[in-house]
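In what follows, chains are A, B, ... by sequence order, proteins preceding strands, each numbered from 1.
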Amino acid sequence: MARVYNWQIGREMSYWYPENRPQKQFAAVFDINKCIACQTCTLACKTTWTSGKGQEYMLWNNVETKPYGFYPLAWDLKLLEMLNGQRWNGGVYEGETIFECAPAGERVLGWKPESQDYAYPNVGEDDCSGEVHKGASCALPHTYWFFYLARICNHCTYPACLAACPRGSIYKRPEDGIVLLDQGRCRGYQECVKGCPYKKVFFNPMTGTSEKCIACFPKIEQGLQPQCFVNCIGKIRLAGWISPPGKARADNPIDYLVHIRKVALPLFPQFGLEPNVYYIPPVHVPVPFLEQLFGPGVSEAIRVYRSAPKDPDLSGLLCLFGSTEAIVARWRRQGEFVSGMDERGAEVVRVPLREPVEVRPAFDSRHQIVRINCP
Amino acid sequence: MGVLRKRSLWVVALLAAGSAACRRGPVRSTEVVAVVVDRIPMDPAARAWEQAPEHLARLLLQDLVEPRLLEPSTPEVRVRAVASQTEIAFRLEWPDSGRDDLPGPGRFVDACAVQLPRKLEPEPPDPQMGASGRPVEITYWRADWQASSDGRRDDIREYYPHAAVDHYPFQAPPLRPGSPEQREMARLYAPAEAAGNRRSGPREVPVEDLVAEGPGTLAPAEKTVSRGRGLYSGRQWRVVLVRPLPAGLTPRMRTQVAFAVWQGSHGETGSRKMRTGWIPLLLKGAQ
Amino acid sequence: MSRDISRRDFFAMLSASGLAGFLSSIREAWGLEAISNPLAQYPSRGWERVYRDLWKYDSKFVFLCAPNDTHNCLLNAYVRHGVITRIGPTMRYGEATDLYGNRVSHRWDPRVCQKGLALTRRFYGDRRVNQCMVRAGFKRWYEDGFPRDKDGVPPRKYFNRGRDEWVRVSHDEAARIVAAALVNIATTYSGEEGKRKLRAQHYDEATIEATQGAGTQTLKFRGGMPLLGLTRVFGLYRMANSMALLDAKIRNVGPDRALGGRGFDNYSWHTDLPPGHPMVTGQQTVEFDLSAVEHARMVVVWGMNWITTKMPDSHWLTEARLKGTRVVVIACEYSATASKADDVIVVRPGTTSALALGLVHVILRDKLYDAAYVKQWTDLPILVRMDTLKYLRAQDVLGSAPAALQQTRLLRDGEREPPPAAHREAIVPEKMRLEWGDFVWWDRTTNSPKLLTRDMVGKNSTVGDPLLEGAVEVTLAGGKRVRCRPVFDLIKEYAAHFDPKSVEEMTWAPAQAVESLAREIARQPGTTLFAVGMGPNQFFNNDNKDRDIFLLAALTGNVGKIGGNVGSYAGNYRVALFNGAPQYINENPFDIELDPAKPARPRQYWRPESAHYYNHEDHPLRVGNRLLTGKTHMPAPTKALWFANANSILGNVKWHYNTVINVLPRIEMIAVQEWWWTASCEWADVVFGVDSWAELKHPDLTASVTNPFLQVFPRTPLKRIFNTIGDIEVLALVGDKLAELTGDQRFRDYWKFVRDGRTDVYLQRILDFSTNTRGYRISELEAKAREGVPALMLSRTTPKVVGYEQVMDSRPWYTKSGRLEFYREEDEFIEAGENLPVHREPVDSTFYEPNVIIAPPHEALRPAGPEVYGVRRDDLRCETRCGRNVVLTWEQARRSAHPRLKEGFRFIFHTPKYRHGAHTTPIDTDMVAVLFGPFGDLYRHDSRSPFVTEGYVDINPADARELGIEDGDYVWIDPDPEDRPFRGWERNRRDMEFARLLCRARYYPGTPRGVTRMWFNMYAATPGSVEGQKTRADGLAKNPRTNYQAMFRSGSHQSATRGWLKPTWMTDSLVRKNLFGQSIGRGFLPDVHCPTGAPREAIVKITKAEPGGLGGQGLWLPASLGLRPRYESAAMRKYLAGKFVTRKES
């Protein structure tokens, strides 16, 4: 065990290997307020990467309805039960991470899902938190609520799957921080499946190895966003690169939303993995449940998000989501327009904050015909 | 809870098997003695095995390196060995109340292995997978490979009989089944296979040859030359493992051997196993 | 050895070199040393090539995915070794432009969804229709020469539909069989002899007369939602038009007297038409492109599950909200869209009109209305005579002749209407205009009556200080004095009955919410959008709902503005977007234009008809002694049915089991064009295997009512996967066979450009003659589409907003008065007690007496009660209920009860659409299905499951507990036994076995007690699916003969629905705009003024069938694990409360 620094819990913690941050770290922001649970991301991933034998049940990307949705069943609930004293003191986590309370003989605290735990992948769909009665009505925050949680591998800074593998078959790419599972070396022990608290590593009985989300690295290598981002019609996702807190830059969209505006938060930071997918919490959900999932920054994040109508930078950037297949490494707003640029600063997309209204002539004399909305 | 139920049954079976063993009161040797025979019996039930003395090898928890096994399961394995001019064969027997040969999420398979040091030397390397520069050679058998080599189809319905799948891209027209294009496509969608990982796909032999130089270094030999066959009786496994004679091992010479057994229903896999230390292995001269 | 050689190569080399078994030098390949820190470095990464290989593709092409969801997405298909391995968005919608240089932004990208991505599994799946199939019995009937009994009925032995064997035939033979059947059926039912046979078969006399002795009138054609394929789908109507040639031959009549076939409706058939829109505006439907929400201060999403049914346009809603638009959701559950709302109001299903009246009440009570808008745009100031209940006519008061109109062109008797593209202003037959006359408002300043013509709207309105409240005695020209009241006054008196407290009892919407919402809407006139969905529209009172919502919108200035309007969202229907379509569908078959450069000379011989009569056991609505279906609507008997792109007309038909068991046996041929084996195919006689969207070899056109794009289905390079041809080629082929059978070559010439591979000729003619597309070249549009780029529709504005011209240019609406009319003076409306925009209780989905008009005693409400029709007042049978005009005050109604309530039928059962399907596409596809609801399991651990998921009912946990039903149990759902699931079920156990609804129950906390929900359109059980479940080893509900895959063990969501007909949908007198162009007519018009049915009307009884646990033992797993509502473990309760973390501020 080594001592490493995890900024999401505001302290050092123990980890199986010494701290080593990649030159660049793949990261993403998901705006839960825009997610519509259409599952297009799920199918985009499924049809691209897991259409083979033994992969039928596997969803590297899934979308579940919180609070009653789980894939696999009870994935987070089980670990929350096993994890001791989850205490936040301001931004500092004073409880134990899954590395710090690993039982004897184990490298991390985890549990093994069984085949039936993966059945019912959309259980809880649209089930709300309480029973709606005659005469129900609500304003923010809602009395009854649910929200959609889209999940992929978090390509963690301190991956539990990587720590759990006794063969060292899981590694983090120095050039982009993507966590990969070597399909040639894996011997299918499922220690990673057991160890990943997000349950984003899956065992393939037909190939005898475990498989996981690869962040579409063949696309990333070409400067393109992964499939589940490009296919996201809710336009909730933005892929890019995150800097360590000290090195955040305002023109990096991920840094801006995570470090500067603090509107996007990690999922279960208390597990201790420093996950790199950041979520904008849903504004209609009561804070306690959200803090359980996203940590102590929830109230502030919701306040910032709700200030967007008076904040063209924030609303502009959020309207840029999903408008290009290219990775947006830099961004800027000029008046009514927001632009995304690649790492060299070349513009890859430009959109208006509001889509303009176009009015055509009532009679087109060139074509001798009326143009009418009620033809 | 499924696992728990299986395990308690297994304990009962273990006692039964134990007492049965006592009644038979076989010849027990303190070392593993390989008797030279003309033809190596591949059938685990063949009478020919009775020619060789039985060695009762006590199994220990692998509790030295994480991840460890902390709850004991299979207490012992009964071993008989025979050899030919070129090969040495071991028959391992251990009680098991259920056949676990269908891998799946959180579902593991029964397996066993025989380990020998590569070099004949007075001081063998660490029995835990050898040591750097001092490799060990392992012949590994798995129940699912046995099922596969016995003819289990490469079809998800062998694992989940009621599964319904509409489509695999590599089985769609205009691809002709078995054509080179079709096989290439199928390979693409089985990443481990595409990466040359021979754990995957249908198998002819239920064993794999491996080498290691310490924990975390296990690697397949460049090709598997060993053979094997496992038979499940309803209360125990009998597995025959046949490998080449260790280089330089001649009659009346000794080397070391170690065994390991994995109890699938007990979640045993990889380093979570019951294993022995080194046991002397004598290659008996021809009578 | 270099590190980047993959291990695969390495082993290949080794085995080649044939070294001994155990080898030590492998260290080189992947290092026998344990890896020291995988965070830092990893020895050999050559294996990564595996996923780079999987990502690669040989080629890609673009196709258009266009189910009936209004979106229409150009998609990339990625091909490897000739197989489409995956699909994705083109990301080039942001490049769409028009002729004027307008352009949209990339905020329109991506356009795609999970259903589109799953299409590979349909193109190649085992339910793909990969050839032509003919039912064995039907083939024998054809081969035996169509033998019939004396009454004309074919012997039963030929008609074992749904259970018969299938024979594969060539397209050529299938076409010959269909052509022969059409000729035989048309001949059989022509002339006096034909009428005699129809009488012998007990058809309603009115329907027999409607055929006018032409057998072709019994041939019904349907191209499902023809906007989704202007040539290949709309072509079925062109085919119907060509049936006039057949009639000419059979009855030996000339082009002047020949009659074509009949074409079924679409938008109204799908219950998508909001029938009250034309009652208020004269226009089919008012709506706005959904992106307009960006320009609204507030949006009321009313019974519309926007984020599940308008998925690619959901971001406009969430982004508008992000930028400050207030989102209010009114729904009968805490819906998916509710989770995106600022305010949510949960209401009782089917009470939308009552809620709207409650809001109107507050606005009128507190005088919050937009007076200027009311005076300029509504009939509220117009006087109504209390003696006749008609509008007071100016002629009767002022004695003057009807005024000359500036904005309306009159069509003199016999004068031919110009083609739609030439319409510059409203066109009205002079005779009609004279009947209308002009109108009167009362000027309070001069205390005298004032003239009001249909020109006087908007800035041309002369209405100054009108009398809005109270009555006046008006002296007619003849000296007679009549008591008159303004429409405003009549409505205010009526709305007074809907005070917030009563409305809370009626609708369950809290009185406080009603008060505050009304104020919020009125706060800033013209800045609220009302996005109304399918929910409220699928109830019997849907026209009341529209009239009351428009009333609310008009009072607050919210009709016809970019950021303030009413929209109704369901289906992609507006063929008028291509108002040059008659160039193709109505080309005169007796005078065909074969020069590609010249336009056609349209003449319509086919007659449209509402499919709801076929759905209503093939007869009109008669209650007691009254025929309540108008003459202009009258259906003909249905003897042949041929459709394309339309599973809804049979497989997913309302009252499905009654239709297939009691109606189908009277139909002599059912031909289907399909590329996926649906329940429609299960019940058909002939199934033509046709190209999927990915294989189209003829271009086609479409557009949308919710987005601004003009789209082409491009021809694709993909080789046809199976033995299929294009839909339009099927039509041409049958045309050939008809030519052979009749010797009339015109049948063949009619499809010449299809055979020549020049379908583009027909498309260009349509573009040239459509107001919003002239100037575009089909060749250029297709070239762009091939690149994944659409064009912009040349509508007046982008976003399209219906009513824009009215409000901005002060043009009259398509009504008599040119205004939004909230009073309906026609006899049918007065008789029904709906001359005022009343609220009727639902016809079945209510706990109270069904279909009663909720009203106080009111001077202007004088409906014809049951006695007038010779029906007892206590006769509440389903059929008589439809024409029952009984008025109760809310005080009386709230004490009444649904007649079946005491027998345990106490759950409203409604069937909304959901995110996992666009109609039935592609819900039965494994990867989509497994995510549809909570019961998905690809591995089917429980083999009772009909598929990898299955139909389920959402029920409030408290109700389920009371019924002893556990979460996940199987339950029986039984509707009114009088006539559902099908008439005569008591005596027919054989068919009841597949018709009775058996499904899972889910504890669903989102709806109040008494309201249950089953999502629309999972695949229905058929005789074959039930047989499959009994005989197959895997237990799938899959037809062993056809592979049809059901998603129910028995029954379907259509087991409880019925064919309901409402008199006000069937009038001969309603004035409304014609489909194409600016001309105005009256009475029946398909998809505009015609029945819509009411598929959310069903009150049911629910009983436990089997436990939900594996194999029928115990609890369903998620419930047993304590993860479900009402089953929460201690840990789950802690989780819900967010109690796993504690937090203190440092």
Side-chain angles (χ1 to χ4, degrees), chain A residues 1 16 46-58 72 102-108 110-119 163-169 180-195 199 201-212 214, chain B residues 2-3 61-71 102-109 140 142 144-145 154-156 158-160 163-165 167-171 185-202 208 210 215-220 267 269-272:
Chain A
M1 284 284 186
W16 193 257
K46 188 82 201 151
T47 54
T48 304
W49 301 118
T50 60
S51 298
K53 293 179 179 177
Q55 300 175 321
E56 297 85 356
Y57 79 98
M58 235 183 249
E106 306 290 327
R107 292 179 169 203
V108 304
W111 63 279
K112 278 183 291 194
E114 292 178 9
S115 168
Q116 268 209 73
D117 294 322
Y118 294 100
C165 180
R167 293 177 54 70
S169 303
L180 293 183
L181 193 160
D182 184 336
Q183 287 303 307
R185 189 173 160 86
C186 175
R187 290 188 67 82
Y189 300 154
Q190 301 190 44
E191 297 294 345
C192 50
V193 178
K194 180 182 181 188
K199 290 293 171 263
V201 192
F202 303 85
F203 179 70
N204 179 333
M206 312 278 288
T207 62
T209 59
S210 296
E211 302 172 356
K212 71 178 286 300
I214 58 171
Chain B
V3 174
L61 289 161
Q62 190 298 110
D63 54 2
L64 304 171
V65 294
E66 278 87 5
R68 309 180 211 183
L69 185 66
L70 298 180
E71 281 180 36
L102 268 182
R107 199 165 61 190
F108 301 87
V109 298
Y140 175 56
R142 288 167 56 105
D144 56 330
W145 294 347
D154 185 32
D155 180 342
I156 194 65
E158 292 282 355
Y159 298 74
Y160 303 97
V165 181
H167 167 75
Y168 295 109
F170 46 88
Q171 290 179 351
M185 282 272 273
R187 198 174 166 79
L188 283 174
Y189 286 88
E193 204 181 334
N197 187 332
R198 290 169 304 164
R199 298 178 50 68
S200 61
E208 182 180 28
L210 302 154
T217 69
L218 185 69
T269 182
S271 59
R272 303 180 192 266

I'd like to know which of A/Gly52, A/Gly105, A/Gly54 tops the heavy-atom pair count under 4.5 Å against chain B. A/Gly105
Scored by heavy-atom pairs under 4.5 Å with chain A, the best of B/Thr269, B/Leu69, B/Val65 is B/Thr269
With chain A, the option among B/Leu70, B/Asp63, B/Leu188, B/Leu64 that has the most non-hydrogen atom pairs under 4.5 Å is B/Leu70
Give the intermediate values and the outcome of side chain to side chain contact (heavy atoms under 4.5 Å, CB included) for residues A/Asn204 and A/Gln183. CA-CA 11 Å; A/Asn204 179 333; A/Gln183 287 303 307; over 6 Å; no
Count the heavy-atom pairs under 4.5 Å between each of A/Gln55, A/Lys112, A/Gln190, A/Gln116 and chain B, then report the option with the highest count. A/Gln190
For B/Tyr159 and A/Pro205, the nearest pair of non-hydrogen atoms, with its separation, is OH-O, 3.6 Å
With a 4.5 angstrom heavy-atom cut-off, could you sort out which part of A/Ala102 is near chain B: side chain, backbone, both or neither? neither
For the residue pair A/Phe203 and A/Val193, what are the closest heavy atoms and their distance? N-CG2, 4.1 Å
Which atoms of A/Tyr118 approach chain B - backbone, side chain, both or neither, heavy atom under 4.5 Å: side chain
Proximal component of B/Asp155, with respect to chain A [non-hydrogen, under 4.5 Å]: backbone
Shortest non-hydrogen separation from A/Leu181 to A/Ser210 and the atoms involved: CD2-O, 3.2 Å
So, A/Ser115 versus B/Tyr160: side-chain donor-acceptor pair below 3.5 Å or not? yes
By a 4.5 Å heavy-atom criterion (distance strictly below it), what part of A/Glu106 contacts chain B: side chain, backbone, both, or neither? both
Tell me whether the rings of B/Phe170 and B/Tyr189 are parallel (<30°), tilted (30 to 60°) or perpendicular (>60°). tilted
Which atoms of A/Pro166 come close to chain B, meaning under 4.5 Å heavy atom to heavy atom: side chain ones, backbone ones, both, or neither? both
Show your reasoning for whether salt bridge (Lys or Arg N to Asp or Glu O under 4.0 Å) applies to B/Arg272 and A/Glu191. CA-CA 10 Å; B/Arg272 303 180 192 266; A/Glu191 297 294 345; 2.7 Å; yes
Is B/Glu208 salt-bridged to B/Arg142, cutoff N-O under 4.0 Å? no
Chain A contact via B/Gln171 - which portion, at a heavy-atom distance below 4.5 Å: side chain
The interface call for B/Ile156 against chain A, heavy-atom contacts under 4.5 Å, is both
